[in-house]
Amino acid sequence: VFSIVPVGRSSFFNLCVCTVVKAYINIVAEKSTLRKLIKAAQEIAQECYSQQNPLQETLKAKLSRHKGVHPSQIFLGNGSDEAIDLVYRIFCEPNTDNVVAISPTYGMYEVCADINAVEYRKVPLNANYQLDAQKLLAATDCHTKVIWICSPNNPTGNDLDPDAIKQVLTEFDGIVVIDEAYIEFAGEPTDSMRFVKEGRNIAVLRTFSKAYGLAGARCGYAITTRVIADLLNKARSPFNVNLFAQVGALAALDDHEHIVHSVAMVNRGRRQYEAFFESKGLEYVPSHTNFILVDVGDGVDVFRKALAKG
């Protein structure tokens, strides 16, 4: 529960990010992915005495088949946060370059900008929590190297307009990073993958932390051009994704039934929350994720009262 700076409406910014289903984090323990992961981990444990292959070929090959891209277009990271940090380190000159991002959005873009001494320019979403392509582009200059777009967006939960994203991609000369951490809840395929296949300067971030239920494993990836992927892979440390995380990701990709079940359960829970909010007259942002942004009045006060009740 937190407050954000108003971007359009005056009374909708003491907000609560509400996890859709309380049991969601326990679903992995109940379903087949965890069982498959444990079995795979037991089988691989005897190999832990030796150094792992730093090229990550097995997981990249499977991802390439799932996503319809060449393995050379894939970067595997210690969560997608590693890819975010590397984008700054590779493409931005400290104390000179800048990046542009929608606001509010995922906080790690700004955290990594601060760490790497890169100016971070925020462009507020409009009153409907959509990006304004013209304003986003107007915030750029000759030192803007990256535009960050999160869709579905965190913390608003909504999909961003694909036409606006396409306009940004068409008119911006630098790199556009589209963070799709919650995309499994919104549905695939997306236009972003088509843009990658067209060879545009785009990097699409994905993760095994959300719908796949492997947040603790810290395994994310970027799908991008071969040039950008090559740079990311050269800049990372050799063993950035540990063996057990890779095994977990492989098991998760094999368990399509689990993803279908997880997404369906979250969608049902989200509809229940939306019905409850509407019955109580609470305004919320229609979500395509496993959380909902809802106006609860004084967000800090609500949080403290909820905390007091356990």
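By the 4.5 Å heavy-atom criterion applied to side chains, Phe303 and Val296 are not counted as neighbours. For the pair Thr144 and Val99, the minimum side-chain heavy-atom distance is 4.5 Å or more. The shortest distance between side-chain heavy atoms of Leu232 and Ile90 falls below 4.5 Å. Residues Leu131 and Leu125 are in side-chain contact: their nearest non-hydrogen atoms beyond the backbone lie under 4.5 Å apart. Contact check for Gln73 versus Thr224: no side-chain heavy atoms found under the 4.5 Å cut-off. Val87 has its side chain within reach of Val146: a pair of non-hydrogen atoms, C-beta onward, lies under 4.5 Å apart. Contact annotation: the side chain of Ser151 never approaches that of Glu180 to less than 4.5 Å [non-hydrogen atoms, C-beta and beyond]. Side-chain contact check for Glu283 versus Val294: every heavy-atom pair is 4.5 Å or farther apart.
Between Tyr284 and Tyr273, the distance from one ring center to the other does not fall under 6.0 angstrom.
The ring-ring contact (aromatic ring centres under 6.0 Å, His included) check on Tyr88 picks up Trp148, with sequence neighbours excluded. Residues satisfying the ring-ring contact (aromatic ring centres under 6.0 Å, His included) criterion with Tyr106, sequence neighbours excluded, are Tyr109. Residues passing the side chain to side chain contact (heavy atoms under 4.5 Å, CB included) test with Asp132, sequence neighbours excluded: Gln134, Lys135.
Arg304 CZ: 12 or fewer foreign heavy atoms inside a 6.0 Å radius. In the displayed structure, Asp173 atom CG is contacted under 6.0 Å by at most 12 heavy atoms of other residues, nucleotides or ligands.
Considering every non-hydrogen atom in both Phe291 and Asn154, the closest pair reads CZ-CA, 4.1 Å.
Separation of atoms CG (Leu59) and CZ (Phe208) is listed at 5.5 Å; rounding is to 0.5 Å.
Side-chain contact of Asn98 with Asp141: a donor-acceptor pair under 3.5 Å is present, judged by distance alone. For the residue pair Lys60/Asn233, the side-chain donor-acceptor check at 3.5 Å is satisfied. Residues Gln56 and Asn240 have side chains that bring a donor and an acceptor to within less than 3.5 angstrom of each other.
The pair Lys62-Asp254 meets the salt-bridge criterion, since a charged nitrogen lies less than 4.0 angstrom from a carboxylate oxygen. A salt bridge is defined here as a Lys NZ or Arg NE, NH1 or NH2 lying under 4.0 Å from an Asp or Glu carboxylate O, and Asp230 with Arg226 fails to meet this definition.
Looking at Arg270, its side chain does come within 3.5 Å of a backbone N or O of Ser287 through a donor-acceptor pair.
In the hydrophobic clustering of ILVMFWY residues, with side-chain heavy atoms under 4.5 Å counting as a link, Val196 and Leu169 come out together. By the criterion of side-chain heavy atoms lying less than 4.5 angstrom apart, applied directly or through intervening Ile, Leu, Val, Met, Phe, Trp or Tyr residues, Ile223 is grouped together with Ile165 in one hydrophobic cluster.
Screening Lys145, Arg121, Lys122 for a side chain to side chain contact (heavy atoms under 4.5 Å, CB included) with Val100, the sole residue that qualifies is Arg121.
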